[in-house]
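Working notes, beginning with the structure itself.
Quick note: residue numbers are just sequence positions, from 1.
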Amino acid sequence: MASVMAEIFKNFTWYFADSLYPLLFLLSLLLICLYPGAKKERLSLVWPNLLFAALIFCPVSAYLIMKMIGSLVYWRMFWMLTIPIVIAYAGVRLITTPSGKPVRLLTALLAAVAIVFSGHFVFTGEYFSERTNFFKIPTEAIYVSEAISAHAAEQNIESPKAAVTGYLSVYIRQYDAGIRLAYGRNMVKGDVAPSKLYTELNSESPNPKRLARLARKAECDYLVLPTSLDLDDALSEYSFVKTEEAGGYTIYYNEENDYG
């Protein structure tokens, strides 16, 4: 159970980072408990949150939930806690309790300062960037997807299958669901063991012969690799011919495609 508790607190850290919102949340729950005549609020805000918190931090229930959804996304369980609602309600009650406008204004100011300085400003270049397309995904993923779709149409391939880098695979599936991928985001995230094809394709220096063999074994119509690797001639020896360069990637077509 020690390992389960470690996962719980690791996900707790991922969710809240180093903010003070958990402390504000607990203080807000305490204030609601102390408010006279707040029986309905305690029933709707305090007890459900305490129940969910017990469920989240209980090693037994956490273990079962992690088995179902995976330990890497256990932080989503904290969504069940109605933190903003509880803090907002407690703040409003705190502000409206004192008599006199100056006291209320001061209380509102202190509450606002407590909320603002409990976290960090996130709208910076570290987390956000200006979108480059309507789909809000890397443009190179769109270029590669459209290049594969266009070539597949020329070859009368209704559902092309491609092996692409881990970076691209996460976004291609969002842009064009008609392109099948040799592996999904679970492998990219590390939830499942990487396949030999994934390991070879995402290595710094892929072996052309081995890469072609693994891609053919996975029944891939296309290989997509960074253009900087310059594997045109090497892959053509194994019947993967260059069709196009798009977004810094080179797309290779399997001429021995007989998968139907």
Distance-only, no hydrogens or angles: does the [X] side chain make a donor-acceptor pair with backbone N or O of [Y] under 3.5 Å?
X      : Y      : result
Asn11  : Ser71  : yes
Trp47  : Ser44  : no
Ser61  : Leu55  : yes
Glu7   : Ser3   : no
Arg42  : Ile32  : yes
Asn207 : Leu211 : no
Tyr222 : Ala152 : yes

Side-chain heavy-atom pair [X], [Y] within 4.5 angstrom cut-off:
X      : Y      : result
Ile95  : Val92  : no
Tyr252 : Thr243 : no
Val192 : Tyr183 : no
Leu223 : Val164 : no
Thr132 : Lys136 : no
Val224 : Leu168 : yes

* Trp79 and Trp75 aromatic ring geometry - parallel, tilted or perpendicular at 30°/60° bounds -> perpendicular
* To do: Take the angle between the ring planes of Phe78 and Tyr15 and call it parallel below 30°, perpendicular above 60°, tilted in between.
  =>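 Aromatic pair Phe78/Tyr15 classed parallel.
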* To do: Name all pairs fulfilling the side chain to side chain donor-acceptor pair (under 3.5 Å) condition that reach into residues 16-32, sequence neighbours left out, sorted by first residue then second.
  => Asp18-His120
* Pair Arg216-Glu256, salt bridge (Lys or Arg N to Asp or Glu O under 4.0 Å): steps then yes or no -> CA-CA 8 Å; Arg216 193 165 287 117; Glu256 293 184 6; 3.5 Å; yes
* Do Lys161 and Asp221 sit within salt-bridge range, that is, some charged N less than 4.0 Å from a carboxylate O? ->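 Asp221 and Lys161: not salt-bridged.
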